[in-house]
Number of protein chains: 2
Amino acid sequence: MKNYINSLREHNLKATPQRLAIVDALYINGHMNTETLYGLMIQKFSSISLATIYKNINIMIEKNFIQEVKLPHAKSVYELTKTSHSHLLCKKCGAIEDVEINLDVMIENISKTNQFQIDKTDFVLSGNCKNCQ
Amino acid sequence: MKNYINSLREHNLKATPQRLAIVDALYINGHMNTETLYGLMIQKFSSISLATIYKNINIMIEKNFIQEVKLPHAKSVYELTKTSHSHLLCKKCGAIEDVEINLDVMIENISKTNQFQIDKTDFVLSGNCKNCQ
DNA sequence: AAGATAAAGAATAACTTTTATCCATTAAGT
DNA sequence: ACTTAATGGATAAAAGTTATTCTTTATCTT
Ligand SMILES: [Mn+2]
Ligand SMILES: [Mn+2]
Ligand SMILES: [Zn+2]
Ligand SMILES: [Zn+2]
């Protein structure tokens, strides 16, 4: 695992044990919602407050350390910020996979056609994963 | 405007005045969140309950009459179900535009590459609209 | 290595958003 | 018209999120 202490500090976030545990959980699990994240954290820190989860999620989003991923018919999940990517969501088992899709050409076209300057995309493709079809 | 009385009935939804007003508002405004929708409805029906808004949104989604559109850093909006399309979201003024993007070839490729059967996409492109750049 | 201090955690209340309940009303089929 | 299941209104309850207060601590500065 990466050195998240410095990584947090570079984002002006104090490297507290709680915060490191959250980051670690996201690193290991990839995408988590507030509920599952709290469920995991309460095991490590028996007295951690749910408010701590929310406060950290919010400030880490603010500092661009993590990202929210909004999913159809499901709670949002959070993940460590990485290079821009899209998501595959299995409607049956709920699995979420990262997928690299090069959208540059498409964005360029849409940008011109619609006179719209695009600088971010949120792309979720839903269906059935390998194991669920 | 279309005949939404029959359209509702075809989806097994009783055509009540409240429901027709909601549909009409969505038809006119395109995309609305619960707050703005309630704000409009309360003008027409001074005693309408916020719960009525929620109940109708939920049942209309269930019957596939409307769709929820989840947006980054903003409340979800709702729209009448139409042919699959993507959305342009202006980060500055909040405007939402429909945009037709043919994703068939891309989906076909991703489907094969990832052994993932895709049957729905949620695609939001954010940036600055024509008036906001 | 202490000391100072701003940031963060825990506990809890408050607020926001959404859903459930109960009863009155009504759309729609007969 | 009559019947009935569905819906609306009022309200309470539940779920989700944020604010507040005080204590603790990570980090910076001696
Ligand atoms: Mn991801
Ligand atoms: Mn749309
Ligand atoms: Zn699956
Ligand atoms: Zn704009």
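Going from atom CG of Asn56(B) over to atom C1' of dA27(C) covers 14 Å, rounded to whole Å. Rounded to whole angstrom, the span from the CG atom of Leu20(A) across to the C1' atom of dA26(D) amounts to 11 Å. Rounded to whole Å, atom P of dT18(D) lies 12 Å from atom NZ of Lys55(A). Atom P of nucleotide dA6(C) and atom CZ of Arg9(A) are separated by 19 Å, given to the nearest angstrom. Residue Ile59(B) contributes atom CD1, which lies 18 Å from atom P of dT18(C) at whole-angstrom precision. Rounded to an integer number of Å, the gap from CG of Leu13(B) to C1' of dT26(C) is 16 Å. Distance, Glu68(B) CD to dT17(C) P: 15 Å, rounded to whole Å. Whole-Å rounding puts the Lys75(B) NZ to dT17(D) C1' distance at 13 Å.
For the pair Tyr54(B) and Ser47(A), both in contact range of DNA chain C, the more 5′-proximal nearest nucleotide belongs to Ser47(A). Where Ala51(B) and Gln18(B) meet DNA chain D, the nucleotide closest to each residue was compared, and Gln18(B) sits on the side nearer the 5' end. When the nearest nucleotides of DNA chain C are assigned to Asn12(A) and Glu35(B) by heavy-atom distance, the more 5′-ward of the two goes with Asn12(A).
Residue pairs meeting the ring-ring contact (aromatic ring centres under 6.0 Å, His included) criterion with at least one partner in residues 95-133 of chain B, sequence neighbours excluded, are Phe123(A)-Phe123(B).
Within the 4.0 Å cut-off from OP1 or OP2 of dT18(C), at least one side-chain nitrogen or oxygen of Thr34(B) is found. Considering only side-chain N and O atoms, Thr16(B) lies nowhere under 4.0 angstrom from the phosphate OP1 or OP2 of dT7(D). Distances shorter than 4.0 Å separate none of the side-chain N or O atoms of Asn58(A) from OP1 or OP2 on dT17(D). Of the side-chain N and O atoms in Ser49(B), none sit less than 4.0 angstrom from OP1 or OP2 of dA10(D).
For Lys120(B), the NZ atom sits in a packed shell: over 12 heavy atoms of surrounding residues, nucleotides or ligands are nearer than 6.0 Å. Atom NZ of Lys112(B) has 12 or fewer heavy atoms from other residues, nucleotides or ligands within 6.0 Å.
Looking at Thr52(B), Ile66(B), Leu37(B) one by one, the single match for side chain to side chain contact (heavy atoms under 4.5 Å, CB included) with Ile22(B) turns out to be Leu37(B).
A side-chain donor-acceptor contact under 3.5 Å links Arg19(B) to the backbone of Lys14(B). Side chain of Thr121(A) to backbone of Leu125(B): no donor-acceptor contact under 3.5 angstrom is found.
Using a 3.5 Å distance cut-off with no hydrogens or angles, the side chains of Asp98(B) and His31(B) do pair a donor with an acceptor.
The base of dA8(C) has none of its N or O atoms less than 3.5 Å from a complementary donor or acceptor on the side chain of Lys14(A).
Two end axes, each from the C1' atoms of five base pairs, can be drawn for the helix from dA1(C)-dT30(D) to dT30(C)-dA1(D); they diverge by 50°, to 10 degrees.
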